[in-house]
Number of protein chains: 2
Amino acid sequence: MAGKRRSEMMEETRAKLIKAARRAFAEKGYAAASMDELTAEAGLTRGALYHNFGDKRGLLQAVVNQIDAEMAARALAIGNQAKNDWEGLLAEGAAYIEMALEPEVQRIVLLDGPAFLGDPSRWPSQDSCLQTTRQKLEELIAQGTVRPVDAEAAARLLTGAALNAALWVAASDHPQDVLPKAVEAFRVLAGGLLANRG
Amino acid sequence: MAGKRRSEMMEETRAKLIKAARRAFAEKGYAAASMDELTAEAGLTRGALYHNFGDKRGLLQAVVNQIDAEMAARALAIGNQAKNDWEGLLAEGAAYIEMALEPEVQRIVLLDGPAFLGDPSRWPSQDSCLQTTRQKLEELIAQGTVRPVDAEAAARLLTGAALNAALWVAASDHPQDVLPKAVEAFRVLAGGLLANRG
DNA sequence: TCAACTCACATACGATGCGTATGTCCGATG
DNA sequence: CATCGGACATACGCATCGTATGTGAGTTGA
């Protein structure tokens, strides 16, 4: 452990803080999470926090960026497995709904993120989820599969529908029963975008 | 003013606090709003607050309930003006998008509400917006206009799409240019629910 | 190699804000 | 008219955030 450069130690410190923050924010919510407890759990103090992230919001931003990147990677992998682009879009949507069942995603990215960091499309991470679906939509529009609507608007509506449905599923008493209904409704709704449906 | 009963005074006090809270929450957000300032602006102290609403969250709940009721009333009025039930549903959706442009609705109901009070469908006010669209959907399904999907799920997706689109519109640099795109995309998407579209 | 400097992080402090416990005054009741 | 209850104000304790200052390890240059 003595052979590490300072920059490596720095990265390790940031990683430890982000890891602790993911747990604390997911369990208690951003507002109720104490920076003293959080940093202590990481074996540090608030000094490290304010040095590395500026303030409490900076830490939230870092956590959101990390989770967002993970989500986008997962969704992309799932979307690419589909037989065609359209099915890929639907699969991605379903993936978002399922991902939003995880407390970390739900609490941090969907609830506290917008409330304390503002609109997701303004985030430094640019909300990767939104960007990937927008790009896919543009391709589908270009190839004539999807009707010529504003890609950005449609992407917003689609992800909004998916994520909101996920919140509903997660809050329900029997998530496993409700999830398929949400996914089915999503596919039906998305069908409205198709140029010609059979 | 001396001829008022105690209960009337009480209602007046609550109304004054809620009014001040709507402004403070909308401008600064729930977390950053100071109860001292808020109550002082209403000509009272925190004593009145904790007596009438229990705690800070109780006040937020009361504010949310009031705004939610206003939204539902407006949406209902707009929906009833349409020529048929389907157009009524679309009009309601467009109305939600436009209402969400108002800072009070956006900041309090869409951002801070879910973050600090939990899932809207669990609110005491039951999220009137959601209920009215769900009811309209059930009617449309019964009359065969809309495909037989789970009404609750579809309502969730529709309102989620609308409200999320509204957040996007409001955060954009030129809301007036983006709004029609959002409404158009909403109508296209909702078309997916139709049993047969022409 | 060593002295000076940088910097990552810890510690100490002040300020703010919530919730509660206690006090006060007005109106209702018998 | 005396007593009581309740609406609201005041006073206090506690937690938490952000900053200002301290410190020790690692880096650099002669």
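Throughout, protein chains are lettered first and strands after them, A, B, ... in sequence-line order, and every chain is numbered starting at 1.
- Residues A/Lys19 and A/Glu12 are not paired through a salt bridge, judged by the lack of any N-O separation under 4.0 Å between the basic side chain and the carboxylate.
- A heavy-atom distance below 4.5 Å is not found between the side chains of A/Glu27 and A/Arg107.
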| task | Might you work through the salt bridge (charged side-chain N to carboxylate O under 4.0 Å, His left out) test for B/Arg122 and A/Asp173, ending with a clear yes or no? | result | CA-CA 11 Å; B/Arg122 300 277 186 175; A/Asp173 295 323; 3.1 Å; yes
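- If you check residues 51-59 of chain B against DNA chain D, the residues with a heavy atom closer than 4.0 Å are B/His51, B/Asn52, listed by number.
- Proximity of residues 17-37 of chain A to DNA chain C (heavy atom under 4.0 angstrom from any strand atom) is not detected for any residue.
- Rounding to whole angstrom units, CZ of residue B/Arg14 and C1' of D/dG6 are separated by 15 Å.
- Listed by first and then second residue, the ring pair (Phe, Tyr, Trp, His ring centres under 6.0 Å) pairs that reach into residues 106-147 of chain A are A/Tyr30-A/Phe116, A/Phe116-B/Phe116, sequence neighbours excluded.
- At whole-Å resolution of the value, CE in B/Met10 and P in C/dC26 are 18 Å apart.
- Without hydrogens or angle criteria, A/Arg14 side chain to A/Asn52 main chain gives a donor-acceptor distance under 3.5 Å.
- Of the candidates B/Asn80, B/Ile78, B/Leu158, B/Thr132, B/Thr132 is the only one forming a side chain to side chain contact (heavy atoms under 4.5 Å, CB included) with B/Glu92.
- Looking only at side-chain heavy atoms (C-beta outward), B/Asn84 and B/Thr145 stay at 4.5 Å or farther from each other.
- A donor-acceptor contact shorter than 3.5 Å links the side chain of B/Gln106 to the backbone of B/Ala100.
- With sequence neighbours excluded, the residues that form a side chain to side chain donor-acceptor pair (under 3.5 Å) with A/Glu102 are A/Arg74.
- Phosphate proximity of D/dC8 to B/Thr13: present, with a side-chain N or O under 4.0 Å from OP1 or OP2.
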Write down the protein N/O and nucleotide N/O pairs, taken from nucleotides 10-12 of chain C, whose separation is under 3.5 Å; answer none if there are no such pairs.
from: C/dA10; atom 1: OP1; to: A/Thr45; atom 2: N; distance (Å): 3.4
from: C/dA10; atom 1: OP2; to: A/Thr45; atom 2: N; distance (Å): 3.0
from: C/dA10; atom 1: OP2; to: A/Thr45; atom 2: OG1; distance (Å): 2.6
from: C/dA10; atom 1: OP2; to: A/Ala48; atom 2: N; distance (Å): 3.4
from: C/dA10; atom 1: O5'; to: A/Thr45; atom 2: OG1; distance (Å): 3.2

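- Counting only residues at least two apart or on different chains, no ring pair (Phe, Tyr, Trp, His ring centres under 6.0 Å) pair has a member in residues 49-108 of chain B.
- Going from atom CD of A/Glu11 over to atom P of C/dA8 covers 12 Å, rounded to whole Å.
- When only modelled atom types and interatomic distance are considered, B/Ser121 and B/Asp127 share no side-chain donor-acceptor pair under 3.5 Å.
- Residue B/Tyr50 contributes atom OH, which lies 14 Å from atom C1' of D/dC12 at whole-angstrom precision.
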